[in-house]
Asks: 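Take a look at this one; I'll ask things after.
All of these numbers come straight from a predicted model, not from anything done at the bench. These values consider heavy atoms only, across backbone and side chains, with no hydrogens, waters or symmetry-generated copies.
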Amino acid sequence: KEFAGLGFTIWATRGTAQFLREHQVPVREVAKINQGKPNVVDLIRSGNLGLVINSLTKGKQPLRDGFQIRRAAVEFNIPCLTSLDTCGGLLQVIKRDREKDLAVKALQDYLQ
C-alpha cells in the first residue's frame, strides 16, 4: 500500500491482486505464465518494470511460476526481492530519500 502511495504501479497475478484489492491497494492484474498472454514473464521482458517482488513458496523447482519469474528478472537485469523484510527496508530507504534528498556515493568514496 505504501509503495502505491509513493506512486509505484503495482502489478500482480490473480490471487495476489485479489488480496491487494481487498486491502485497498490499487493493482493491475497480469496473467500467470500458463494463463494467457501477456503474462508476468512477458511483462518482465518488456522492460517496463523497475522491481520484482516474488517470495519463495514451494522450493526452487524450475517449472514453478515463481522460479521462472525470478529467473526472468535476473536475465533482464531487474532487481528481484524475495523477502518481505527486505521490501520493507527498501521502502524505508525510498521514503527517506524522498524526504531528505539523499545523495548516492560509491563505496570507495567512503574509504578515502
Asks: Sort and list the pairs that fulfil salt bridge (Lys or Arg N to Asp or Glu O under 4.0 Å) and have at least one residue in residues 4-13, not counting sequence neighbours.
Replies: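 Non-adjacent pairs meeting salt bridge (Lys or Arg N to Asp or Glu O under 4.0 Å): zero.
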Asks: Grouping I, L, V, M, F, W and Y whenever their side-chain heavy atoms are under 4.5 Å apart, do V30 and F67 come out in a common cluster?
Replies: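 No, it is not one cluster - the side chains of V30 and F67 are not joined through contacts under 4.5 Å.
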Asks: Considering all heavy atoms of both residues, which atom of V41 and which atom of A72 are nearest to each other, and what is their separation?
Replies: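 For V41 versus A72, the nearest heavy atoms are CG1-CB, 3.9 Å.
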Asks: Just jot down the side-chain hydrogen bond (donor to acceptor under 3.5 Å, both in side chains) partners of R21, sequence neighbours excluded, or say none.
Replies: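 For R21 the side-chain hydrogen bond (donor to acceptor under 3.5 Å, both in side chains) partners, ignoring immediate neighbours, are E29.
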Asks: Taking L43 as the starting point, is it possible to reach I78 by hopping between hydrophobic residues whose side chains are less than 4.5 Å apart?
Replies: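 Cluster IDs for I78 and L43 match.
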Asks: Under the ring-ring contact (aromatic ring centres under 6.0 Å, His included) definition, can you give me all pairs with a residue in residues 32-53, not counting sequence neighbours?
Replies: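 For residues 32-53, and leaving out neighbouring residues, there are no ring-ring contact (aromatic ring centres under 6.0 Å, His included) pairs at all.
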Asks: Would you say F8 and L90 are hydrophobically clustered, going by side-chain heavy atoms of ILVMFWY under 4.5 Å?
Replies: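 Yes, because F8 and L90 connect within a single hydrophobic cluster, where side-chain heavy atoms sit under 4.5 Å apart.
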Asks: For V25 and F3, what are the C-alpha separation, side-chain angles and deciding distance, and is it a side chain to side chain contact (heavy atoms under 4.5 Å, CB included)?
Replies: CA-CA 9 Å; V25 176; F3 278 108; over 6 Å; no
Asks: Any side-chain heavy atom of T13 sitting closer than 4.5 Å to one from D65?
Replies: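 The answer is no, as the side chains (C-beta and beyond) never meet within the 4.5 Å cut-off.
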Asks: Kindly write out the residues that satisfy side-chain hydrogen bond (donor to acceptor under 3.5 Å, both in side chains) with E75, not counting sequence neighbours, or none if the list is empty.
Replies: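 Result, side-chain hydrogen bond (donor to acceptor under 3.5 Å, both in side chains) vs E75: R71.
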Asks: Quick one: do L51 and I94 end up in the same hydrophobic cluster if we chain Ile, Leu, Val, Met, Phe, Trp and Tyr together by side-chain heavy atoms under 4.5 Å apart?
Replies: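 Linked, L51 and I94 end up in one cluster.
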Asks: Do W11 and V40 have side chains that approach each other closer than 4.5 Å (heavy atoms only, starting at C-beta)?
Replies: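 With C-beta onward as the side chain, the pair stays apart.
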Asks: How would you list, by chain and number, every residue that makes a side-chain hydrogen bond (donor to acceptor under 3.5 Å, both in side chains) with K95, sequence neighbours excluded?
Replies: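 Partners of K95 under the side-chain hydrogen bond (donor to acceptor under 3.5 Å, both in side chains) test: E2.
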Asks: Just jot down the side chain to side chain contact (heavy atoms under 4.5 Å, CB included) partners of F19, sequence neighbours excluded, or say none.
Replies: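 With neighbours one apart ignored, the set is H23.
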Asks: Taking only residues two or more places apart in sequence, or in another chain, which ones meet K37 in a salt bridge (Lys or Arg N to Asp or Glu O under 4.0 Å)?
Replies: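 Result, salt bridge (Lys or Arg N to Asp or Glu O under 4.0 Å) vs K37: D42.
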Asks: With heavy-atom distances below 4.5 Å as the criterion, would you say the side chains of K1 and Q24 are in contact?
Replies: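 In short, these two side chains touch, coming nearer than 4.5 Å.
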Asks: With sequence neighbours excluded, tell me which residues meet side chain to side chain contact (heavy atoms under 4.5 Å, CB included) with A12.
Replies: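 A12: side chain to side chain contact (heavy atoms under 4.5 Å, CB included) contacts with T16, A17, L20, V27.
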Asks: If we only count heavy atoms from C-beta on, is the L91 to V93 side-chain gap below 4.5 Å?
Replies: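 No. Closest side-chain heavy atoms not under 4.5 Å.
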Asks: Looking at residues at least two apart in the chain, or sitting in another chain, which of them share a salt bridge (Lys or Arg N to Asp or Glu O under 4.0 Å) with R45?
Replies: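 Salt bridge (Lys or Arg N to Asp or Glu O under 4.0 Å) check on R45 returns nothing, list empty.
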Asks: Under the rule for side-chain hydrogen bond (donor to acceptor under 3.5 Å, both in side chains), what residues qualify as partners of E22, not counting sequence neighbours?
Replies: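 Counting only residues at least two positions away or on another chain, E22 forms a side-chain hydrogen bond (donor to acceptor under 3.5 Å, both in side chains) with Q18.
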Asks: Could you pull out all donor-acceptor pairs under 3.5 Å where a side-chain atom in residues 80-87 meets a protein atom, sequence neighbours excluded?
Replies:
from, atom 1, to, atom 2, distance (Å)
S83, OG, D85, N, 3.3
S83, OG, T86, N, 3.4

Asks: To check you understand the geometry: which heavy-atom pair defines the closest contact between P26 and I10, and what is its length?
Replies: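 Where P26 meets I10 most closely, the heavy atoms are O-CB, 3.7 Å.
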Asks: Flag yes if I53 and L49 sit in one hydrophobic cluster, no otherwise; membership is Ile, Leu, Val, Met, Phe, Trp, Tyr, and two members link when side-chain heavy atoms are under 4.5 Å apart.
Replies: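 No.
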Asks: Taking it one step at a time, do V52 and R70 satisfy side chain to side chain contact (heavy atoms under 4.5 Å, CB included)?
Replies: CA-CA 8 Å; V52 171; R70 292 185 296 276; 5.9 Å; no
Asks: Restricting to ring-ring contact (aromatic ring centres under 6.0 Å, His included), what partner residues turn up for F76, sequence neighbours left out?
Replies: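 Not a single residue meets the ring-ring contact (aromatic ring centres under 6.0 Å, His included) criterion with F76.
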